[in-house]
Undergrad: 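Before I ask anything, here is the structure I am working with.
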2 protein chains.
Amino acid sequence: MANIHDVARAAGVSISTVSYALSGKRSIGEETRKRISAAVRDLGYRPNAGARMLAGTKTHIFAVTAPLHAETYAPAHMAFVLAVTQAARTHDYDVLLLTEDEATAGLQRVAASRLVDGIIVLDVARDDERTRLLHEIDLPSTVIGIPDDTEGLVCIDLDFRRAAELSLERLVEHGHRSIGMLGHPPRVYERGSNFPHRFRAGFRDAADALAVRSAVALPGHGPAGVRAALNELYEQLPDMTGLVMNCEEPIQTSALDELADRGIEIPRDLSVVSACSSFDTSRFSPPLDVIPLVAADSCVRGVELLVEQLVSDVEPHVELVAPQFLDRGSIVTPTPTSGRN
Amino acid sequence: MANIHDVARAAGVSISTVSYALSGKRSIGEETRKRISAAVRDLGYRPNAGARMLAGTKTHIFAVTAPLHAETYAPAHMAFVLAVTQAARTHDYDVLLLTEDEATAGLQRVAASRLVDGIIVLDVARDDERTRLLHEIDLPSTVIGIPDDTEGLVCIDLDFRRAAELSLERLVEHGHRSIGMLGHPPRVYERGSNFPHRFRAGFRDAADALAVRSAVALPGHGPAGVRAALNELYEQLPDMTGLVMNCEEPIQTSALDELADRGIEIPRDLSVVSACSSFDTSRFSPPLDVIPLVAADSCVRGVELLVEQLVSDVEPHVELVAPQFLDRGSIVTPTPTSGRN
DNA sequence: CTGAAAGCGCTTACAG
DNA sequence: CTGAAAGCGCTTACAG
């Protein structure tokens with residue numbers, strides 16, 4: 001494997017010139033630069049990662065701490081891991097994966113051994129021991145998601161509260177006054193995930209502010225659990241004409257099946273919004289209006305915020321990504337016959 | 001951050017003694033070892049990762065190349081990434097994640113820069129450019145999954161062919177002579193995933209060898225696609241009394257729903273096996289006999305094979321993990337009324 | 001059982 | 001615009 005001396009020899013320059021030519025940290029003569037490029041290409045030279053870490057100030061590796069536990073919804077989670085990894089690559093960073101079984105120990109290990117330049121925290125809980133550890137660790141970090149206590153942290157996420165509000169606004173604009181919310185299974189709220197709480201709180205607050213009748217139901221396990229939750233909504237809101245779903249794909253699919261079975265037609269009898277969904281709702285039947293949860297949005301910016309911390313001070317703060325509403329025709333103005341269950 | 005000199009000074013020894021004490025590569029006096037341990041603990045010392053890579057022969061990092069593309073079934077895939085990461089940690093290895101958009105370029109990059117000591121290939125296709133690249137790269141590697149051409153590779157995976165055979169054997173032992181297989185959607189076979197082909201081929205060969213009537217149907221999209229596939233099976237095998245499902249959870253769930261809708265009771269009217277499933281079939285109604293696909297099995301051994309290559313020559317070979325059959329009561333002896341559709 | 005020292009392959013002041 | 005050299009923090013023969 002060629003090293004920097006081989007390149008320098010082949011190009012007829014010193015190793016420092018090779019190093020500067022590759023890093024671009026000082027200007028190099030046109031002729032010289034060409035010879036170096038040619039030598040690098042011919043020899044297939046890549047700087048040795050260990051030497052680069054040791055001599056330089058950067059390792060060019062970020063740690064991504066992701067629980068990946070059984071409770072997480074895999075497709076959404078994988079999208080975030082993927083988005084972070086791809087975003088990091090655009091900054092010439094590789095990603096080291098730290099899993100739950102080693103969450104805090106792993107962070108301490110990679111920090112103390114200077115293996116990584118920064119940390120991305122994924123799937124943060126409302127009260128998360130990893131965020132506590134970040135204060136003690138001498139490394140920049142970005143949290144994707146908003147824990148309850150954000151002091152001293154750089155956090156970014158979709159604005160779930162605003163997404164709930166936006167969903168309701170759209171329904172209210174069309175004249176809906178009785179609106180239900182189908183949420184995640186109860187255990188999702190219990191285990192302390194941050195975003196379902198934020199969405200639900202946003203829904204309740206917006207319903208109050210908009211003075212609409214509202215109810216929230218959380219589905220139990222399987223299609224039967226979804227059916228029970230829909231029953232609950234129609235019980236509490238016999239005149240329900242609008243439904244906001246903030247839950248994973250299998251539950252939304254079950255809900256649509258169940259509504260169809262009951263002869264409730266969307267949007268004629270019920271206007272529906274799929275909120276903060278990381279999957280494609282355009283292939284549902286019918287296609288649903290959606291506020292998409294785009295992993296890349298938060299992750300690209302999150303990685304950017306991490307890279308910024310490497311070169312300058314970034315004040316701890318929370319950044320919220322504005323939700324976008326995609327109209328697919330699943331909201332209409334309710335008619336006198338709407339809402340019959 | 002404390003370095004090895006700080007530890008040596010605190011313990012009153014030379015840095016080489018500290019290094020040897022930590023690596024265990026030569027014996028250290030009882031007294032000395034204690035003083036060094038104490039100093040390490042007091043100072044919170046961790047060897048600098050870059051220095052360790054540069055001076056030593058190992059980086060203590062493995063690359064995991066995982067497509068993570070839209071077509072992969074996320075829950076199963078995530079389980080494998082997690083299992084590899086955890087297995088690597090037991091050997092004091094961290095895992096660097098390489099994604100599809102950079103599959104071969106990433107492998108070349110980490111190999112040439114000596115960032116990693118070895119490579120784990122996940123979700124290998126029958127014809128995969130990554131396996132071709134492995135031959136050119138001067139790094140040990142293990143492939144989880146069996147591509148068509150395994151020459152020069154160390155591969156490990158569940159024995160999908162044997163799993164298909166075992167499923168049929170169980171059904172045949174109970175007296176079934178007309179057995180259908182519900183597979184993955186056609187695009188899964190088309191895109192070249194390795195294991196669905198192996199299972200289907202195993203199913204066909206075993207059906208021939210056991211001289212049972214058999215048919216294979218692949219579901220289209222959604223519940224309607226599953227329904228059509230079941231129709232196809234009952235058309236080709238009007239007397240079908242046994243069903244082997246080798247597909248992901250949503251499809252199996254749909255199939256069970258559809259069978260229930262038709263009044264086909266399991267196992268009374270149809271004996272069912274869920275084969276090579278990475279999800280829990282004990283919560284299905286009814287619970288299904290299953291040959292589980294356990295990510296940890298292949299990954300623990302796969303990482304072990306990679307670690308072995310670091311210290312000695314390992315001949316290229318294919319290792320197959322023997323499938324286990326879990327009986328949950330979804331296979332019974334067919335009665336004269338069984339199989340009525 | 002332990003130490004002094006070379007060397008891994010870079011980056012980056014320092015110097016011109 | 002370019003070069004000579006120190007130094008990053010380890011590991012590992014070499015020596016005793």
Side-chain angles (χ1 to χ4, degrees), chain A residues 1-37 39-40 43-61 92 109-117 310-311, chain B residues 1-37 39-40 43-61 92 109-117 310-311:
Chain A
M1 203 109 297
N3 66 19
I4 198 171
H5 288 99
D6 299 325
V7 176
R9 199 176 313 121
V13 295
S14 70
I15 63 161
S16 57
T17 301
V18 173
S19 179
Y20 283 118
L22 290 176
S23 69
K25 288 188 182 170
R26 77 180 182 196
S27 46
I28 305 286
E30 180 61 19
E31 226 355 86
T32 312
R33 146 160 289 131
K34 274 187 192 162
R35 287 208 314 280
I36 292 173
S37 299
V40 166
L43 298 170
Y45 170 71
R46 293 266 188 186
N48 177 287
R52 207 175 167 203
M53 289 187 199
L54 180 57
T57 57
K58 293 178 188 168
T59 67
H60 290 273
I61 302 177
D92 198 25
R109 181 167 51 78
V110 298
S113 64
R114 312 264 75 171
L115 218 198
V116 307
D117 294 334
L310 260 30
V311 296
Chain B
M1 202 108 299
N3 66 21
I4 197 171
H5 288 99
D6 299 325
V7 175
R9 198 176 313 119
V13 295
S14 71
I15 63 160
S16 58
T17 300
V18 173
S19 178
Y20 283 118
L22 290 175
S23 69
K25 288 187 180 170
R26 77 181 181 194
S27 46
I28 306 288
E30 180 62 19
E31 228 352 89
T32 312
R33 146 160 288 131
K34 275 186 193 161
R35 287 209 311 281
I36 292 174
S37 299
V40 166
L43 297 169
Y45 171 71
R46 293 264 188 187
N48 178 286
R52 207 175 165 203
M53 289 187 198
L54 181 57
T57 57
K58 292 179 187 168
T59 68
H60 291 272
I61 301 178
D92 198 24
R109 181 167 51 78
V110 298
S113 65
R114 313 263 75 171
L115 219 198
V116 307
D117 294 335
L310 261 29
V311 296

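In what follows, chains are A, B, ... by sequence order, proteins preceding strands, each numbered from 1.
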Undergrad: D:dA5 C1' sits how many Å from A:His5 NE2, rounded?
TA: 11 Å

Undergrad: Taking CE from A:Met53 and C1' from D:dC10, how many angstroms apart are they, rounded to a whole number?
TA: 14 Å

Undergrad: For D:dT12, does OP1 or OP2 lie under 4.0 Å from any side-chain N or O of B:Ser19?
TA: no

Undergrad: May I have the step-by-step check of side-chain contact (heavy atoms from CB on, under 4.5 Å) for A:Ile61 and A:Met53, ending in yes or no?
TA: CA-CA 10 Å; A:Ile61 302 177; A:Met53 289 187 199; 3.6 Å; yes

Undergrad: If only side-chain N and O atoms of A:Thr32 are considered, is one of them under 4.0 Å from the OP1 or OP2 phosphate oxygen of D:dT2?
TA: yes

Undergrad: Answer yes or no: is there a donor N or O on one side and an acceptor on the other, between the side chain of B:Arg46 and the main chain of A:Ser113, under 3.5 Å?
TA: no

Undergrad: I need the minimum non-hydrogen distance between B:Asp117 and B:His60, along with the two atoms involved.
TA: OD2-N, 2.9 Å

Undergrad: How close do A:Leu43 and A:Ala10 get, heavy atom to heavy atom, and via which atoms?
TA: CD1-CB, 4.2 Å

Undergrad: What is the separation between atom CD1 on A:Ile4 and atom P on C:dG9, rounded to the nearest whole Å?
TA: 11 Å

Undergrad: State whether A:Thr17 places a side-chain N or O below 4.0 Å from either non-bridging phosphate oxygen (OP1 or OP2) of D:dT2.
TA: no

Undergrad: Between D:dA13, C:dC10, D:dG9, which nucleotide gets closest to the side-chain atoms of B:Arg26?
TA: D:dA13

Undergrad: Would you mind reading off the distance between B:Arg52 atom CZ and C:dG9 atom C1', rounded to a whole angstrom?
TA: 18 Å

Undergrad: Which nucleotide in the list C:dG3, C:dC1, D:dT12 gets nearest to the side chain of B:Ser27?
TA: C:dC1

Undergrad: Side-chain N or O of B:Tyr20 versus OP1/OP2 of D:dA13: is the shortest distance under 4.0 Å?
TA: no

Undergrad: By nearest atom, which of the nucleotides C:dT11, C:dA5, D:dC10 is closest to the B:Tyr45 side chain?
TA: D:dC10

Undergrad: According to a strict under-4.0 Å criterion, is B:Ser14 in side-chain N/O contact with OP1 or OP2 of C:dA4?
TA: no

Undergrad: Specify the separation, in whole Å, of atom CZ of B:Arg46 and atom P of D:dC10.
TA: 13 Å

Undergrad: In this structure, how many angstroms lie between the P atom of D:dC10 and the NE2 atom of B:His60, rounded?
TA: 13 Å

Undergrad: Out of A:Asp6, A:Leu22, A:Ile36, which one pairs with A:Tyr45 under the side-chain contact (heavy atoms from CB on, under 4.5 Å) rule?
TA: A:Leu22

Undergrad: A:Leu54 has an atom CG; how far is it from atom C1' of D:dA6, in whole Å?
TA: 13 Å

Undergrad: Look at the side chain of B:Ser16 against the base of C:dA5 and say whether a donor-acceptor pair falls under 3.5 Å; ignore hydrogens and angles.
TA: no

Undergrad: Mapping B:Gly29 and B:Ala51 onto DNA chain C by nearest heavy atom, which one lands closer to the 5' end?
TA: B:Gly29

Undergrad: If we call it a pair only when both distances are under 3.5 Å in a Watson-Crick or G-U wobble match, what pairs with C:dC14?
TA: D:dG3

Undergrad: Specify the closest pair of heavy atoms between A:Asn48 and A:Ala51, including all atoms of both residues, with the distance to one decimal.
TA: OD1-N, 2.9 Å

Undergrad: Would you indicate what B:Ile15 reaches in the nucleic acid, counting non-hydrogen atoms under 4.0 angstrom: base, sugar-phosphate, or nothing?
TA: base

Undergrad: Tell me the interatomic distance from A:Arg9, atom CZ, to C:dC10, atom C1', rounded to whole angstroms.
TA: 15 Å

Undergrad: May I ask you to verify if any side-chain N or O of A:Lys25 is less than 4.0 angstrom from the OP1 or OP2 atom of C:dT11?
TA: no

